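One structure below.
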There are 2 protein chains.
Amino acid sequence: METITIKDIARALNLSTSTVSRALRNSYEINTETKKLVLEYAEKMNYRPNPIALSLRDSKSKSIGVILPEIANNFFSQLINGIESIAYNMGYHVVIFQSHESYEREVANTNYLVSRKVDGLLVSLSSLTTDISHFEELLDKGLPIVFFDRVPKKVDTHKIVADNFGGSYQATEHLIKTGKRKIAHITSPIYLSITMERLAGYRKALEDHGIPFDESYVKYCHHGGMVVSENETAVQELLDMEEVPDAIFTASDRITTGCLSVLHRKHIRIPEEIAIVGFTNIGVAELLNPPLTAVVQPAMDMGNQATELLIKLIEHPKKPTIFESRSLKTSLMIRESTAGKTVNVS
Amino acid sequence: METITIKDIARALNLSTSTVSRALRNSYEINTETKKLVLEYAEKMNYRPNPIALSLRDSKSKSIGVILPEIANNFFSQLINGIESIAYNMGYHVVIFQSHESYEREVANTNYLVSRKVDGLLVSLSSLTTDISHFEELLDKGLPIVFFDRVPKKVDTHKIVADNFGGSYQATEHLIKTGKRKIAHITSPIYLSITMERLAGYRKALEDHGIPFDESYVKYCHHGGMVVSENETAVQELLDMEEVPDAIFTASDRITTGCLSVLHRKHIRIPEEIAIVGFTNIGVAELLNPPLTAVVQPAMDMGNQATELLIKLIEHPKKPTIFESRSLKTSLMIRESTAGKTVNVS
DNA sequence: ATGAAAGCGCTAACAA
DNA sequence: TTGTTAGCGCTTTCAT
């Protein structure tokens, strides 16, 4: 049951390795007899080509690398499932790395994946990444990269995002329609694409309904809510305000659960005192106390589409004249954390 | 900024590739001058050895493969973080594959990882795996494997598990102490180690407290709760019984949330009508409605220890005379889903 | 102290 | 139709 190589087959069948190689790849120039012989023997011996050797030769690996902040997060793990299902069908393997919201680890992961000759990269930026030259260099060298979710603004390649602006607008408008006016927003670092877009949607909804935007109602969590104290601080600052908010729109999984936890500990009644909407794909939203109103992203579909685009890029290396930036619709799931009953506004 | 190889350095410095190679590995037989020259040039050109070439040569890769049911699961993703932190410190990369509770995918993933020359494997069996010969063969060939969580009974290698028996015993006893007597158990397929151990702990606690074990109170979910209808069916069967249970002990993340969801939909009051304890590491247990009493596994530590053992195996290939089977203590987090107040029993 | 050559497994250009 | 050879990047034995 030891690993068998082309050489072994060649020796056993008294052929040259190239003949065996060609036979295995069903080359037209090989005698049918020979082919049969080789194929049968290979089958019998359970021959499997050595992908390492292939990678060394061809500088590719039939695998794609995924770099994202963390997998212990419903949004990302759903997205991974979307990635895997497409990749699997197209004959690619998926190698996942977590940046844990660290720029250094993102760079290290990138280098490793590249040295491992992945054929392309699927990336969602860490919350601490402001410099993306490590990706730009690769793009310049011709390595296909598709960004998703947290995408760099300027880079010229395919991008898949949720309709962050629309989702936030909808969430905020929903809060307004349930009678809330002092709506706070807790979010990730401002330089992330998702942060800016969600903030913009929030702001636009306020202004469209005649509520002035108030920067002091916006709190930023530097580590995207990964550090527990961030949420604590953000919530506390809001509670300490003269005009305590009557609603909070939280911008991510981590921030949402983190804030909920703080509010619970402080025995704040949701939604009576403060209503909550989260931009989150958390799976148990309806099991929470109270069931959580949430803007849900089509994570699986985002994974699907990003992977399709990436594989297209890999398999058709001629640079497309135009790169796509797709924005997929979110859906607002209304539950009790926002009371549900809507009142008439404006 | 193209990839630079030893050959390039050799050419540039008018040396042979072997000299460069040795200089880079700081071999004693190389002239200090030459070494300095090479090192400096390599540094300047940002030389990085090609890991693919190394793998091809040495049949190893400084990477370890992880095969587990799914990552969209707090227990497993916490465990992965434990794995990564140790591996990272020891200079290994971690490649994660999901079996999605499918035997076929488990086998496919295994083969792929082996062909990619991982130096060792960390495995938690899929819920549909009954035949483990794919792992046994590898062990026979000398590939280090450490099993965790869902481990095969007979196989001779290191294993890291939670104290499933103890955790279940504690959970069940807790239910009994809160006055429950008709305690049901919803769990995974019986042939999984975790299922048997948890069932045994549950049973022992019942019997120790004079409650006869009743097989009809035990429901099995073939896909470990991954298929929504499984939970539905299990709960429904329990509700349809003549003696409807007054408590349910659910054996995993998926089963726990699945059952909670069904109970919510049926407007069953927890814990008044039915109390719930879950064997789960779900992160938001205290945010649930009601906050969930849970047996929590030291997932991160399990990942740490499994990885330490694996790397020890990899780096000291001499077969250890004895393999370890470590069982790590769980902790029972008591919350409102079991009322909290305990009554005096037996 | 340094270099030449072989080999890890595979494919493809070139020869026969 | 089949075989020979070189090369992907690296290390190591065996010269020198």
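Computed from a predicted structure; not experimentally measured. In what follows, every chain begins at residue 1, and chains take the letters A, B, ... in the order their sequences are listed.
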Counting only side-chain N and O atoms of A:Lys7, is one of them less than 4.0 Å from OP1 or OP2 of C:dG7? no

Go through the side-chain N and O atoms of A:Asn81 and B:Gln98 and say whether any donor and acceptor fall under 3.5 Å apart. yes

Which is more 5' along DNA chain C, the nucleotide nearest B:Leu15 or the one nearest B:Asp58? Just name the residue. B:Leu15

Less than 4.0 angstrom between a side-chain N/O of A:Thr34 and OP1 or OP2 of D:dT2, yes or no? yes

Tell me whether the rings of B:His93 and A:Tyr112 are parallel (<30°), tilted (30 to 60°) or perpendicular (>60°). parallel

Closest listed nucleotide, where the reference is the side chain of A:Glu29 and the choices are C:dG7, D:dT2, C:dG3: D:dT2

Looking at D:dC10, I'd like to know if its phosphate oxygens (OP1 or OP2) sit under 4.0 Å from a side-chain N or O belonging to B:Tyr47. yes

Whole Å only: how far is the CZ atom of B:Arg48 from the C1' atom of D:dC10? 16 Å

Specify the separation, in whole Å, of atom CG of A:Asn14 and atom P of D:dT4. 11 Å

Is it true that the side chains of B:Gln305 and B:Asp301 contain a donor and an acceptor less than 3.5 Å apart? yes

Any idea which of D:dG9, C:dC10, D:dT1 is nearest the A:Asn31 side chain? D:dT1

By nearest atom, which of the nucleotides D:dT1, C:dA4, D:dC10 is closest to the B:Ser16 side chain? C:dA4

Go through D:dT11, C:dT2, D:dC10 for me and flag the one nearest to the B:Ile30 side chain. C:dT2

Counting only side-chain nitrogens and oxygens, does B:Ser21 get under 4.0 Å of the OP1 or OP2 atom of D:dC10? no

Decide yes or no, distance alone: a donor-acceptor N/O pair under 3.5 angstrom between the base of D:dT4 and the side-chain of A:Ser18. yes

What is the separation between atom NZ on B:Lys60 and atom C1' on D:dT11, rounded to the nearest whole Å? 12 Å

Measure the distance from CZ on A:Arg57 to C1' on D:dC10 and round it to the nearest whole Å. 17 Å

When the distance from CD1 of B:Ile9 to C1' of D:dT11 is rounded to whole Å, what number comes out? 14 Å

I need the CG-P distance between A:Leu54 and C:dC8, as an integer number of Å. 16 Å

How close or far is atom C1' of D:dC8 from atom NZ of A:Lys117, stated in whole angstroms? 10 Å

Closest-nucleotide ordering on DNA chain C, the 5'-leading residue of B:Ala53 and A:Arg25: B:Ala53

To the nearest angstrom, the CG-P distance between B:Leu56 and D:dT12 comes to 14 Å

May I ask you to verify whether the side chain of B:Arg22 and the base of C:dG3 hold a donor-acceptor pair under 3.5 Å? yes

Scan side-chain atoms only and decide if A:Arg116 and B:Ser55 contain a donor-acceptor pair under the 3.5 Å cut-off. yes

Determine the minimum heavy-atom distance between A:Ser124 and A:Phe76, stating which atoms define it. OG-CE2, 3.8 Å

